[in-house]
Asks: 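Please see the structure below; I have some questions.
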Amino acid sequence: MNVFISHASADDRFVERLAARLDRAGIDVWHDARNLRAGHQFGQEIQQAIDNADAVLIVYSRAAARSDWVTGEFEYARNAGKKLIVLWK
């Protein structure tokens, strides 16, 4: 299974721990701190990663509620018909 993790940067430490646990469980994880590189077209890479994911896991926190990126990733995934998993933090 391939999972895209959407989250606010304020939750990076939590997401790193979560991604490590999912990796150990045999789940392929994509998230920005691990996969985005400087100089790349972030929006395009994120959309491609969502397109390639079996599911999108949204780490929903106070910071995520204020994030335009998290909102955009959620909307893109929903419109693409992806399985959505919300983890309340």
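Along the sequence shown, residues carry numbers from 1.
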Asks: I'd like to check the side-chain contact (heavy atoms from CB on, under 4.5 Å) partners of Arg66; sequence neighbours left out, ordered by chain and number.
Replies: Arg62, Ala63

Asks: State which residues pass side-chain hydrogen bond (donor to acceptor under 3.5 Å, both in side chains) with Tyr60; sequence neighbours excluded, sorted by chain then number.
Replies: none

Asks: Could you check whether any side-chain heavy atom of Ile58 comes within less than 4.5 Å of a side-chain heavy atom of Ile85, counting everything from C-beta outward?
Replies: no

Asks: May I have all residue pairs that pass ring pair (Phe, Tyr, Trp, His ring centres under 6.0 Å) and include part of residues 8-29, sequence neighbours excluded?
Replies: none

Asks: With side chains defined as the heavy atoms from C-beta onward, is the minimum distance between Phe4 and His31 less than 4.5 Å?
Replies: no

Asks: What residue pairs, at least two apart or across chains, pass salt bridge (Lys or Arg N to Asp or Glu O under 4.0 Å) with a residue in residues 80-89?
Replies: Asp11-Lys89

Asks: Any side-chain heavy-atom pair from Asp28 and Met1 closer than 4.5 angstrom?
Replies: no

Asks: Tell me if the CG atom of Asp68 is crowded by more than 12 foreign heavy atoms within 6.0 Å.
Replies: no

Asks: Under the rule for side-chain contact (heavy atoms from CB on, under 4.5 Å), what residues qualify as partners of Arg13, not counting sequence neighbours?
Replies: Arg17

Asks: Using the test side-chain hydrogen bond (donor to acceptor under 3.5 Å, both in side chains), find all partners of Asn2 that sit at least two apart in sequence or belong to another chain.
Replies: none

Asks: Run the ring pair (Phe, Tyr, Trp, His ring centres under 6.0 Å) test against Phe74 and tell me which residues pass, sequence neighbours left out.
Replies: none

Asks: Could you walk me through whether Asp54 and Val3 pass side-chain contact (heavy atoms from CB on, under 4.5 Å), step by step?
Replies: CA-CA 6 Å; Asp54 298 310; Val3 174; 6.0 Å; no

Asks: Does a side-chain heavy-atom distance below 4.5 Å link Ile46 with Glu73?
Replies: yes

Asks: Taking atom OG of Ser9 and atom CH2 of Trp69, what is their separation to the nearest 0.5 Å?
Replies: 11.5 Å

Asks: About how many Å separate OG of Ser6 and CG of Leu87, when rounded to the nearest 0.5 Å?
Replies: 11.5 Å

Asks: Run the side-chain contact (heavy atoms from CB on, under 4.5 Å) check on Val70 and Val59 step by step: do they pass?
Replies: CA-CA 9 Å; Val70 173; Val59 176; over 6 Å; no

Asks: Within a strict 4.5 Å, meaning less than it, do heavy atoms of the Leu18 and Leu57 side chains meet?
Replies: yes

